[in-house]
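All remarks here apply to the structure that follows.
Chain naming here is simple, since letters A, B, ... match the order of the sequence lines and numbering starts at 1 in each.
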There are 2 protein chains.
Amino acid sequence: MKMSKAEQKQQTMQKLIEVAREMFSRQGYADAAMEDIVKQAGVTRGALYHNFGSKEGLFEAVLASVQQEIGERVEAEAAKSEDLWQQLILGCLAFVSSAVEHRNKRILLIDGPSVIGWETWRRMDEENSMRHLREQLQMMQEQGYLRPVSIDALTHLLSGAMNEAVLWISETPDHEKSLEEISAAMTLLLEGYRTK
Amino acid sequence: MKMSKAEQKQQTMQKLIEVAREMFSRQGYADAAMEDIVKQAGVTRGALYHNFGSKEGLFEAVLASVQQEIGERVEAEAAKSEDLWQQLILGCLAFVSSAVEHRNKRILLIDGPSVIGWETWRRMDEENSMRHLREQLQMMQEQGYLRPVSIDALTHLLSGAMNEAVLWISETPDHEKSLEEISAAMTLLLEGYRTK
DNA sequence: TACTTTACATACATACTGTATGTATGTTAA
DNA sequence: TTAACATACATACAGTATGTATGTAAAGTA
């Protein structure tokens, strides 16, 4: 079976991202060796550096795929309701449920900001889950569901709260129970901003 | 002037921690070379490895001093009021104001969890700012100031919200303005849990 | 078909952490 | 007081990981 160069490139990149995602999740960025990644992906260091330029470049590509995946799930879940409040709750819950997964958690929340820097991390996040959150809040405020408050500030507070919630949940023995506790606490938290 | 071994050890350790704190803040953990740290501290690699065992060991010592410093400021600020609600607000504000400082932010919030792992990071945090927060919330709930909600979950939500707030504030051009916005948003956020 | 470009392999240079060994100074106990 | 010992630290070296320079074979192009 013959393959075009573009297809071939695409394939090796995807394979490398897959393998790296697993490695970064298991051992963390610092302890994952490029040598091991390429070996397991069935290519050589040449392919990796040709396609991603550096270890950071590879990580950024992995992070992007993680964020995109989560973003899609959040949006899909939120779209299940017509009510703005319900959408917000559903979206938040979907984010926490997705991010807590082993193949996402560490890359997204622990190594992400440290490896590529918080500013870059935030820029990338902005194009995925955070943008949806901000737009949702903006809309809710414009339609009078939310008290007057800085949407930027609120967005970051909620985002930060959820990120930490994810890490906490993943450390507790009973994920289901802690997820329910977070869910209840998040609902009350949002009540503070509610007007109708 | 002669020095006892204990005094000498104390002095070199403190000097190394000081220098490392600056380096880790400026360049981040990964880009700070041990060689440069010991050079600037006026000792050799021998001293560093003798006292801290590894690069991670040094970082952990630096992080501990950061956390302790912030913890003390939070406690001192909260103690300025008798009212439990006021104490909570003052403490939160003190945490954000302290953590946002350049010599604290990156070590505490960005590199911390990644370098030593989130579990260890949380254990260390527990002995400083987070413990105070939890105890405060516990007390408030017992005295009927707070709705029934999992204190563990709430503690982490608040802690995470504040951590992200710190990072956001430090990126905005006008720190003072964004701190006020966060302050207002935090107050509303807490309102959701208030009963009296 | 001649050539160019590209995707990748391989060998090597560089840099950094950590260790093994040596030394001088402080401490302690007979 | 001094001899035996512990400790704080210096130095040289080894191991490992990232990144680069160069080579090659196959696909694309004129």
Side-chain angles (χ1 to χ4, degrees), chain A residues 1-63 107 111 114-117 120, chain B residues 1-63 107 111 114-117 120:
Chain A
M1 161 191 165
K2 224 162 62 175
M3 220 186 292
S4 78
K5 284 230 159 175
E7 282 174 329
Q8 189 178 339
K9 186 187 176 89
Q10 176 85 10
Q11 185 171 315
T12 56
M13 285 180 79
Q14 194 165 330
K15 181 70 180 169
L16 278 168
I17 288 178
E18 264 173 43
V19 171
R21 182 167 171 178
E22 173 66 16
M23 292 273 208
F24 289 156
S25 289
R26 290 185 94 88
Q27 325 183 316
Y29 177 80
D31 291 347
M34 303 286 257
E35 193 58 46
D36 297 345
I37 294 176
V38 297
K39 198 166 287 174
Q40 193 163 333
V43 294
T44 64
R45 307 171 55 69
L48 206 163
Y49 278 91
H50 177 70
N51 285 298
F52 298 100
S54 69
K55 191 180 182 183
E56 261 192 54
L58 174 62
F59 182 85
E60 202 167 316
V62 170
L63 177 59
I107 292 167
D111 285 337
S114 176
V115 172
I116 66 171
T120 307
Chain B
M1 160 187 164
K2 225 162 61 175
M3 222 186 293
S4 79
K5 285 227 159 171
E7 283 173 329
Q8 188 179 341
K9 185 187 177 87
Q10 174 88 7
Q11 186 170 314
T12 55
M13 284 180 80
Q14 194 165 332
K15 181 68 180 173
L16 278 169
I17 288 178
E18 267 174 42
V19 171
R21 182 168 173 177
E22 173 67 17
M23 290 271 208
F24 290 154
S25 290
R26 290 183 93 90
Q27 325 182 313
Y29 177 81
D31 291 347
M34 302 286 257
E35 194 57 47
D36 297 344
I37 294 175
V38 297
K39 198 167 284 175
Q40 193 164 332
V43 294
T44 64
R45 305 172 58 70
L48 205 163
Y49 277 90
H50 176 71
N51 283 298
F52 297 100
S54 68
K55 192 181 182 183
E56 262 191 54
L58 174 62
F59 182 84
E60 203 167 316
V62 170
L63 176 59
I107 292 166
D111 285 337
S114 175
V115 172
I116 65 172
T120 307

Under 30°, 30 to 60°, or over 60°: which ring-plane class applies to A/Phe59 and A/Tyr29, parallel, tilted or perpendicular?
perpendicular
Expressed as a whole number of angstroms, how long is the span from A/Tyr49:OH to D/dA17:P?
12 Å
Between atom CG in A/Leu16 and atom P in C/dA7, what is the gap in whole Å?
14 Å
CD1 of A/Ile37 versus C1' of D/dT16: gap in Å, rounded?
15 Å
Identify the heavy atoms of A/Ile37 and A/Val19 that sit nearest to each other, and give their distance.
O-CG1, 3.7 Å
Least distance between heavy atoms, B/Val62 atom then B/Ile17 atom:
CG2-O, 3.8 Å
Between NZ of A/Lys9 and C1' of C/dT5 the distance, given in whole Å, is 12 Å
Atom pair distance, as rounded to whole Å: NE2 in A/His50 and P in C/dT5:
14 Å
By salt bridge (Lys or Arg N to Asp or Glu O under 4.0 Å), A/Glu18 pairs with (sequence neighbours left out) none
So, OP1 or OP2 of D/dA8: does either fall under 4.0 Å of a side-chain N or O from B/Asn51?
no
As a quick check of understanding, evaluate side-chain contact (heavy atoms from CB on, under 4.5 Å) for A/Val38 and A/Val43, giving each step before the final call.
CA-CA 5 Å; A/Val38 297; A/Val43 294; 4.2 Å; yes
Can you name the nearest heavy-atom pair linking A/Tyr49 to A/Ser54, along with the distance?
CE2-CA, 3.9 Å
Nearest-angstrom distance from the residue atom CZ of B/Phe59 to P of C/dT17
14 Å
OP1 or OP2 of C/dA7 less than 4.0 angstrom from a side-chain nitrogen or oxygen of A/Thr12, does that happen here?
no
Would you tabulate the pairs of protein nitrogen or oxygen atoms and nucleotide nitrogen or oxygen atoms of nucleotides 14-16 of chain C closer than 3.5 angstrom?
none

Figure out the NZ/C1' separation between A/Lys39 and C/dT10, and round it to whole Å.
14 Å
Hey, what are the protein-to-nucleotides 20-23 of chain C N/O distances that come in under 3.5 Å?
none

Ignoring hydrogens, what is the shortest heavy-atom contact between A/Ala32 and A/Gln27? Give both atom names and the distance.
CA-OE1, 3.4 Å
Would you kindly give the CZ-to-P distance between B/Arg45 and D/dA12, to the nearest whole Å?
13 Å
Residue pair A/Lys15 / A/Gln40: nearest heavy atoms and the distance that separates them:
CE-O, 4.4 Å
Closest heavy-atom pair and its distance - B/Ile107, B/Arg21
CD1-O, 3.5 Å
